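Proteins get letters first, then strands, A, B, ... in listed order; numbering begins at 1 in each. Everything numeric in this text was worked out from a predicted model, so none of it was measured.
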Protein chains: 2
Amino acid sequence: MTSTATGGSHRAAPVHIDPREVSLESALLALADPVRRTLVRELAASGPWERTCGTFDVPVTKATLSRHFAVLREAGLLEQKDAGPRRLNRLRREEFDARFPGLLALVLRDEG
Amino acid sequence: MTSTATGGSHRAAPVHIDPREVSLESALLALADPVRRTLVRELAASGPWERTCGTFDVPVTKATLSRHFAVLREAGLLEQKDAGPRRLNRLRREEFDARFPGLLALVLRDEG
DNA sequence: GCGAGTGTTCGTTCCCCGTCAAACAGTTTA
DNA sequence: TAAACTGTTTGACGGGGAACGAACACTCGC
């Protein structure tokens with residue numbers, strides 16, 4: 001058999017951190033990068049779990065993109081969920097805004 | 001006399017930027033550094049024009065400190081004024097908060 | 001099972017930023 | 001003028017992060 005009662009051989013689930021435990025420095029560093037701000041904005045423009053990692057319009061390779069997603073996760077900004085071979089994304093709006101009130105709003109409002 | 005009506009041979013006045021023209025990226029990068037956040041907090045704890053550059057408690061040399069002050073100026077966070085051989089500092093609270101509402105509050109509230 | 005598709009990890013390269021020591025510039029006091 | 005003090009500028013060094021290609025891991029359709 002290929003799976004046990006406890007779950008079998010799936011791939012490692014993405015590592016998440018409670019946004020309440022994220023440092024201000026991590027949050028600022030995560031949002032200081034223009035590519036990551038673009039990801040956050042596109043994420044905010046879509047509904048939860050609507051976008052997979054490959055559907056974002058940023059001028060980097062998938063390796064670099066994967067790195068950026070990891071940084072956003074560690075900053076408490078992103079939640080990811082596996083769906084077959086793809087990975088669905090959700091912006092953690094409420095949680096992040098509770099930890100850093102107004103910060104996300106600045107990014108979403110800003111054009112650059 | 002040692003000065004003319006136009007100013008004579010003073011040292012170059014510090015360069016300032018209108019906070020309204022500061023990019024979000026500049027602001028985030030400026031505040032992402034722990035030394036600069038300390039400077040901002042100490043500045044907020046004192047009144048305007050009360051502190052000279054040498055009176056801040058940060059573990060860097062004066063050369064590095066001077067650099068940090070320049071970054072804070074370019075981010076629209078700091079205003080400087082010459083007073084003899086010293087340089088007085090003022091946190092641009094209202095102007096910066098008008099450009100990036102809530103951002104300064106996050107830094108001042110945070111302990112780390 | 002095989003191949004296509006999706007995303008991560010590894011190793012490398014490059015560049016920017018923070019840091020320092022040393023030298024410089026300006027101001028004040030002696 | 002000389003000496004002391006404050007702050008800036010320059011050049012060099014080191015570390016960290018962003019970027020890429022290539023290889024790997026996993027899932028699904030044929």
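- Every pair passing ring-ring contact (aromatic ring centres under 6.0 Å, His included) that includes a residue from residues 33-64 of chain B is listed here, sequence neighbours excluded: B/Phe56-B/Phe69.
- Taking atom CG of residue B/Leu88 and atom P of nucleotide C/dG26, one finds them 19 Å apart after rounding to whole Å.
- Per the geometry, CG belonging to A/Leu65 stands 18 Å off P belonging to C/dG5, to the nearest Å.
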*Apply salt bridge (charged side-chain N to carboxylate O under 4.0 Å, His left out) to the pair B/Arg99 and B/Asp18, showing each step before the final yes or no.*
CA-CA 10 Å; B/Arg99 171 70 181 90; B/Asp18 189 331; over 6 Å; no

*asked:* Return a single string for nucleotides 18-25 of chain C, one symbol per nucleotide in 5' to 3' order, where B is base contact, S is sugar-phosphate-only contact and - is none, cutoff 4.0 angstrom on heavy atoms.
replied: SBBBB---

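- For B/Arg86, there are no salt bridge (Lys or Arg N to Asp or Glu O under 4.0 Å) partners at least two apart in sequence or on another chain.
- A search for side-chain contact (heavy atoms from CB on, under 4.5 Å) contacts involving B/Val71 returns B/Ala30, B/Arg36, not counting sequence neighbours.
- Put simply, CZ on B/Phe56 is 14 Å from C1' on D/dT6, counting in whole angstrom units.
- Applying the side-chain contact (heavy atoms from CB on, under 4.5 Å) criterion to A/Ser66, with sequence neighbours excluded, gives no partner residue.
- We find that CG of A/Leu72 is positioned 12 Å from P of C/dT8, with the value rounded to whole Å.
- A sub-4.0 Å separation between OP1 or OP2 of D/dT27 and a side-chain N or O of A/His10 is present.
- Applying the ring-ring contact (aromatic ring centres under 6.0 Å, His included) test to pairs two or more places apart or on separate chains, those with a residue in residues 78-111 of chain B are B/Phe96-B/Phe100.
- The stretch residues 77-87 of chain B touches DNA chain C through B/Gly84, B/Pro85, each having a heavy atom within less than 4.0 Å of the strand.
- Qualifying side-chain contact (heavy atoms from CB on, under 4.5 Å) partners for B/Asp57, counting only residues two or more places apart in sequence or in other chains: B/Glu42.
- Distance A/Leu28 CG to C/dC17 C1': 16 Å, rounded to the nearest Å.
- Taking the side-chain contact (heavy atoms from CB on, under 4.5 Å) definition, one finds that B/Ala44 meets it with B/Leu91, B/Arg93, B/Leu108, sequence neighbours left out.
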